[in-house]
Amino acid sequence: MSSENKEESLDFIRSRIKDDQAKGKNNGRVHTRFPPEPNGYLHLGHAKSICLNFGVANEFNGLCNLRLDDTNPVAERIEYANAIKKDVKWLGFNWDNRLYHASDYFDQLFELASQLIRSGKAFVCDLAFEEMKKLRGTLVTPGQNSPFRERSVEENLNLFTQMKNGEFLDGAKTLRAKIDMSSPNMNMRDPVIYRIIHKEHPKTGDKWKIYPSYDFAHGQSDSIEEITHSLCTLEFEHHRPLYDWFCENLNIHHPQQIEFARLNLTYVVMSKRKMLRLVEEGHVNGWDDPRMPTVQGMRRRGFSPESIHDFCDRVGLAKRENIIEAELLEHCLRQDLNKRAPRRLGVLNPLKLTIENYPTNQNEEIDAVNNPEDESAGTRKVPFSGEIYIDRNDFMEEPPKKYFRLAPGKEVRLKYAYYVTCKDFIKDDNGEVIEVICNYDPESKGGNTEDGRRVKGTIQWVDAKTAVPTKVRLYDRLFSVPNPEVTNEGEDFIKNINPDSLKTLDTCLTESNLSQIETEVPFQLERIGYFCKDRDSETEEQLILNRTVALRDSWGKLNKK
RNA sequence: AGCCUGGUGGUGUAAUGGUAGCACAGGAGUUUUUGGUACUCUCAGUCGGGGUUCGAAUCCCUGCCGGGCUGCCA
């Protein structure tokens, strides 16, 4: 029954692939690819596509290639290509020996273009950019044929070879497919398939002076790699007729292009162009800023690959436009971290707490549970003494109703340690509380007593002598509105940046066990949130923590009302 | 304006002619040595109008609304 339900709830792409496989299309073979252009860093939207393509291959007993779509040397860089490979790997996917580049196929692509010329289906056009634009027509009016459309095959072949040899300047000539200038689909109005670019290519050096356009490179690369299902986002829908036209007219293996809606997330922007602006204008500290939805940013923030997989599984797959609520991402993150992240103690805004009746100069080691969700994580020793720090917001001189924490005369449990009762507190000249004086109950070691008395409040603490001075970066949403694209007249998304998306706390204290924590491996500071060590800790020679995500806070929520 | 495409609770996604379900978010509660977690309950939906049918989210017609398309970007 349950497996039946599972089958029924396949997304539209998977059910289509399943049908194809059942019908024996491509001999039941399933082969996908993830084809990023190496002109920027991967983001969560790419992660969705990666999970889809590699996931489908995995589920249908097929393969997925990684292909760098490097057909335009003007924008592309090796640096990006390397980052892409690293990110895909980090996400946990394996392309084995199937790393390809569109540029691997430049010879074959040139030959395919020549074949098109020989069959009278492509021609060299001398029209300048503006003239070509003019003749293309508009959305509602048909275009006109290029005056160069009827050149002979021989002339076309010669000119194309001359283009290849670098005998013309950039933009002087193009190779165009000969399709239909009156097509309602602009992509079919004799699209350019090769353009002249005198620019060194990261992979092929100065061998080529002409480069294939997306439409001519992408589908043909799919075909060469014998891809069966070419999954892409909705904006390529109008290109599918062209994709199909090339395969048919070249008489080559014909993969099926299927389009799906791209991922959008609230409180961020997900386009390369907009993200570039954030970086260039200094609104964030680079592509790997933990506030960025890039794979590298998320990694630095403390996201696990598993949480991203889970998210990509849950966002679903369809053709309708969507904006996923950031809360879902946070949910996936917390769910993963909750069961795996070790617990530690720390205070963000330290307030001194002195235990008056604790024996002077006594020290102890308290046993603390590493993860209540995972018994195998065991316990650790945490130093304790009569001088500790608690978090400033865990003490109130005049507590509101239902405040379970420390206040004059009230008793709380120091997590894993003892019950303490507030006897007094000290203020400075500004009226700010600077120290809390307590007595502890020696019988309450471990956090409970034989008399079974109920102590509702439990707070975290750190030992004054051994605590590690720590800098903490509290990250919040990059934008202050769910959809940053929605702006007033004359303004743009930059206006919607959340001015408080990063707050740095310099005087935090964390338990001594944190000194040997690994970079980018998240842990939980109990009652606060999940954090991980930032790589800046090395250069600044101080423990620097990034807040991955806060714990859900029903007390804070209650107070907002 | 033309062409393509889509419209199911707040959000996302199922149900393909037969009881509109799931998740997140919201609300209420139980448990709790994290105001965390877990668990329970709950709020809330088929874009409108016609038609076909015993029966329509699903099929047909029509209207409305959203997205995309006039790069030698991908």
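Computation of the quantities below employed the complete heavy-atom set of this structure, encompassing side-chain atoms and omitting hydrogens, waters and symmetry-equivalent molecules.
- For the pair Lys134(A) NZ and G71(B) P, the computed distance is 14 Å after rounding to whole Å.
- Contacts of Ile210(A) with the nucleic acid, taken as non-hydrogen atoms under 4.0 Å apart, are absent.
- Residue Leu328(A) is classed as a sugar-phosphate contact, given heavy-atom separations below 4.0 Å to backbone atoms only.
- For Glu327(A) against G10(B), a side-chain-to-base donor-acceptor contact under 3.5 Å is absent.
- Looking at heavy-atom distances under 4.0 Å, Gln524(A) makes contact with a base.
- Among the protein residues, His238(A) comes within range of the nucleic acid bases, having at least one heavy atom under 4.0 Å from a base atom.
- The aromatic rings of Phe106(A) and Tyr211(A) sit perpendicular to each other, their planes meeting at more than 60°, with 30° as the lower class boundary.
- Annotation: U8(B) and C73(B) have their P atoms spaced 37 Å apart (nearest Å).
- Rounded to whole Å, the C1' atom of U13(B) lies 30 Å from the corresponding atom of G51(B).
- Note: CD (Glu321(A)) to P (C4(B)) measures 18 Å, nearest angstrom.
- Residue side chain Phe236(A) fails the stacking definition with respect to A74(B), as its ring centre and the base's six-membered ring centre are not both under 5.5 angstrom apart and under 30 degrees in plane angle.
- G55(B) and G17(B) are spaced 8 Å apart, taking the C1' atom of each and rounding to whole Å.
- Contacts of Ile324(A) with the nucleic acid, taken as non-hydrogen atoms under 4.0 Å apart, involve only primed sugar atoms and P, OP1 or OP2.
- Taking atom P in both G18(B) and C60(B), the straight-line distance is 16 Å, to the nearest Å.
- Residue contacts shown for Glu373(A) include a base, since a base heavy atom lies under 4.0 Å away.
- Rounded to whole Å, the separation between the C1' atoms of A44(B) and U34(B) comes to 32 Å.
- Residue contacts for Glu325(A): at a heavy-atom cut-off of 4.0 Å it reaches a base atom on one of the strands shown.
- Put simply, NE2 on His331(A) is 14 Å from C1' on G36(B), counting in whole angstrom units.
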Donor-acceptor contacts under 3.5 Å from residues 162-170 of chain A side chains, at least two apart:
{"residue": "Gln162(A)", "atom": "NE2", "partner": "Glu167(A)", "partner atom": "OE1", "Å": "2.9"}
{"residue": "Asn165(A)", "atom": "ND2", "partner": "Thr161(A)", "partner atom": "O", "Å": "3.3"}
{"residue": "Asp170(A)", "atom": "OD1", "partner": "His198(A)", "partner atom": "N", "Å": "2.8"}

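- At the heavy-atom level, Ala341(A) lies nowhere under 4.0 Å from the strands shown.
- Using a 4.0 Å heavy-atom criterion, one finds that Leu317(A) contacts the sugar-phosphate atoms exclusively.
- In this structure U40(B) sits in a base pair with A28(B), meeting the Watson-Crick or G-U test at under 3.5 Å.
- For the pair Arg136(A) and G71(B), the criterion of a side-chain N or O lying under 4.0 Å from OP1 or OP2 is met.
- Asn185(A) comes within contact range of no nucleotide atom at all, as no heavy-atom separation falls under 4.0 Å.
- A residue-by-residue look at Ala318(A) and Thr138(A) shows that Ala318(A) has its nearest nucleotide of RNA chain B further toward the 5' end.
- For the pair Ser554(A) and G36(B), the criterion of a side-chain N or O lying under 4.0 Å from OP1 or OP2 is met.
- Pair check for U8(B) finds none; no Watson-Crick or G-U wobble contact set falls under 3.5 Å.
- Under 3.5 Å, the side chain of Arg320(A) and the base of G67(B) form no donor-acceptor pair of N or O atoms.
- Minimum heavy-atom separation, Asp190(A) to Ile179(A): OD1-N, 2.7 Å.
- Of the nucleotides present, none pairs with U70(B) by Watson-Crick or G-U wobble criteria with both distances under 3.5 Å.
- Salt-bridge check for Arg527(A) with Asp391(A): failed, with every basic side-chain N at 4.0 Å or more from each acidic carboxylate O.
- In this structure, Tyr530(A) reaches neither bases nor backbone, as no heavy-atom distance under 4.0 Å exists between it and the strands shown.
- By the 6.0 Å and 45° rule, Arg477(A) stacks over the aromatic ring of Tyr267(A).
- Applying the Watson-Crick and G-U wobble criteria (two distances, each under 3.5 Å), A57(B) pairs with nothing in any strand.
- Using cut-offs of 30° and 60° on the angle between ring planes, the pair Phe479(A) and Phe493(A) is tilted.
- Residue Lys272(A) is out of contact with every strand shown, counting any heavy-atom pair closer than 4.0 Å.
- As judged by a 4.0 angstrom heavy-atom cut-off over every strand, Lys339(A) is placed among residues making no nucleic acid contact.
- No close placement of the Tyr530(A) and Phe523(A) rings is indicated, their centers lying 6.0 Å or farther apart.
- Checking the phosphate oxygens (OP1, OP2) of U13(B), no side-chain nitrogen or oxygen of Arg314(A) falls inside 4.0 Å.
- Counting non-hydrogen atoms under 4.0 angstrom, Ile193(A) reaches nothing in the nucleic acid.
- The glycosidic torsion of G71(B) lies within 90° of 0, which places this base in the syn conformation.
- Distance CZ (Arg340(A)) to P (U37(B)): 17 Å, rounded to an integer number of Å.
- In terms of position along RNA chain B, the nucleotide closest to Lys415(A) lies nearer the 5' end than the nucleotide closest to the other residue of the pair Lys415(A) and Arg195(A).
- Between Tyr214(A) and His239(A), the two ring planes are perpendicular [angle over 60°; tilted spans 30° to 60°].
- A57(B) and G2(B) have their P atoms separated by 31 Å, with the value rounded to a whole Å.
- Between the C1' atoms of G9(B) and G68(B), the separation comes to 27 Å (whole Å).
- Evaluation of Trp555(A) against the base of G35(B) yields a stacking contact (centre distance < 5.5 Å, interplanar angle < 30°).
- Remark: Lys557(A) is in phosphate contact with G26(B), judged by side-chain N or O atoms under 4.0 Å from OP1 or OP2.
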